[in-house]
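Okay, structure first, notes after.
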Amino acid sequence: MSSPLYQSPKGVHDILPDDHLYFSFIKKVVRHRCRRAGFRRISTPMFENVDVFTRGIGETTDVVEKEMFVFESKSGKKFALRPEGTASVIRAYLEHGMQQLPKPVELYYIEPFFRYNRPQKGRYHQFHQFGFEVLGEADAAIDAQVIYLAYRINQDLGIADQLSLQINTIGSVADREKYKEDLIHFYTGKERSLCEDCKRRKDKNPLRLLDCKEEDCQILASMAPQFEHVMGEASKDHFALLLEYLEKLKIPYTKNPRLVRGLDYYTHTVFEFWSKSEGSQNATGGGGRYDGLIELMGGQDTPGLGYSAGMERTMEYMKEVGIRPPNKDKVQVFLAQLGLVAKKRSLSLLNELRERGINVVGAVGKDSVKAQMGLADRLGAKYALLLGQIEVQENTIILKNMEKGCQETIPYEGIVDKMVQLVGENKLEDKRLWEE
Ligand code: AMP
């Protein structure tokens, strides 16, 4: 097959109808669970003033240094396509006076994001995330609730048991400053063993050296001083309490002292959900506390906490473990017709069936019954209705069960109710299959 004249740019992808089954299901679960927990949805623009991200995420982070799509307006203003959700949500929170709302303020989003990283499996230039933020509460019980919400969504999606919750604390800003000094001290003189990225990051952002994937850097990281030794009592207590809450909520976790997350704004709790499959460290989602961020972005000192997960990666993961979302697009009924009078009647029957919630297709542009029934087969319709001249005259209709291959002629009167009943029974069956 020759390649098509146009193709999508490298790193971006189409979401085809089969994948939308997953996307719709993920969105439905997220909306449902977030609503239940008191969250309200927010959407921010696809691009922001670049400072929102440089300030919010941190100038020396990978996301800001290397991965932002930055562009200039004609008047020379610099904008960036949003690479993540939190900084924009905080900007909106401050801009719209949401500090006045009763606390905590709980917001969630389901949006596309943009990062200029090397395209590879599960890593795109444009991707989708769902995420949530809780603003205005410092208590460790809130951390536990956010983690529970993320875990509960994974459970609904059928992937919770295949993911491991990795959790760590990176302490308060003051703890981190102390720890950074220790790390710089440790790495000084060992620069030759570090990769280029780590060499560059050593003085500005040494914490990132701990989660570098390069082998030599990992060996050094395993010998680096542990955060625990400099961490203040308040930070340790917060973490210990959180772990207690997680145990109470029966959420399994793995303490991972090397987990630091890529963005600068985190404090105290950080966590990610990793695939349990061997060798895989691909996270489906991650989050943490960011108690200094709102102040950094010009607001009053307000604690905050958030989580976000990649929808493409979640979908790939669901596919990998064999989870199939319910197919809401399935054609349930096909309506075939023969002759002008039948065609006229079938036009209103199509609409009546659709109004009653049935997915129904009618090939009103085709005249041959054989061609129409062939199409019904290819669409996988469970039932076909056939309306010909004789049926119209006798006020009947033919109902065919496509799976069993049997058919009967029945009165036209009451056909809509009958189809609603039949399709309803099948829906129940589908639901049972999904829940098994
Ligand atoms: P992060 O906050 O960077 O850890 O991102 C949270 C989640 O978003 C990750 O665990 C991924 O599932 C997803 N994600 C991040 N970057 C990309 C990307 N370039 N392409 C696809 N998914 C991504």
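In each ligand, atom 1 is the first atom listed, and ligand 1 is the first ligand listed.
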(request) Considering the heavy atoms of Gly122, write down every atom of ligand 1 situated less than 4.0 Å from one of them. (result) 20 (N), 21 (C), 22 (N)

(request) Report yes or no: does a heavy atom of Glu312 sit under 4.0 Å from some atom of ligand 1? (result) no

(message) Ring-plane angle category for His20 and Phe23, please: parallel below 30°, perpendicular beyond 60°, tilted otherwise.
(response) perpendicular

(request) Answer side chain, backbone, both or neither: which part of Tyr124 comes under 4.0 Å from ligand 1, heavy atoms only. (result) both

(message) List ligand 1 atoms under 4.0 Å from Ser308, heavy atoms only on the residue side.
(response) 2 (O), 6 (C)

(message) Regarding ligand 1, does Phe127 bring an N or O atom to under 3.5 Å of one of the ligand's N or O atoms?
(response) no

(message) Show, in sequence, the C-alpha distance, side-chain angles and deciding distance for Ile90 and Tyr290, and conclude whether the side chain to side chain contact (heavy atoms under 4.5 Å, CB included) test is met.
(response) CA-CA 11 Å; Ile90 302 301; Tyr290 45 79; 3.9 Å; yes

(request) May I ask you to check whether Gly310 has an N/O atom sitting below 3.5 Å from an N/O atom of ligand 1? (result) yes

(request) Take Glu196 and Lys199 through the test salt bridge (charged side-chain N to carboxylate O under 4.0 Å, His left out) and record every step on the way to the result. (result) CA-CA 5 Å; Glu196 288 309 310; Lys199 266 186 203 141; 3.1 Å; yes

(message) For the aromatic rings, using the six-membered ring if either is Trp, is the centroid distance between Phe114 and His125 under 6.0 Å?
(response) no

(message) Side chain, backbone, both or neither: which applies to Arg261 and ligand 1 if a contact is any heavy-atom pair less than 4.0 Å apart?
(response) side chain

(message) Less than 6.0 angstrom separating the ring centers of Phe47 and Phe71, yes or no?
(response) yes

(message) Taking distance alone, with N or O pairs closer than 3.5 Å, would you say Thr284 contacts ligand 1?
(response) yes

(message) What I want to find out is whether Arg201 reaches Asp62 closely enough, with some N-O distance under 4.0 Å, to be called a salt bridge.
(response) yes

(request) Answer side chain, backbone, both or neither: which part of Arg123 comes under 4.0 Å from ligand 1, heavy atoms only. (result) both

(message) When you compare the side chains of Ser172 and Asp175, does any donor N or O come within less than 3.5 Å of an acceptor on the partner?
(response) yes

(message) Quick check on contacts: which atoms of ligand 1 are under 4.0 angstrom from a heavy atom of Gly285?
(response) 10 (O)

(request) Could you establish whether Gln129 and ligand 1 come within less than 4.0 Å of each other, counting only heavy atoms on the residue side? (result) yes

(request) May I ask you to decide if the ring planes of Phe113 and Phe127 are parallel, tilted or perpendicular, using 30° and 60° as cut-offs? (result) tilted

(request) Would you kindly specify which portion of Asn117 sits under 4.0 Å from ligand 1, judged on non-hydrogen atoms: side chain, backbone, both or neither? (result) side chain

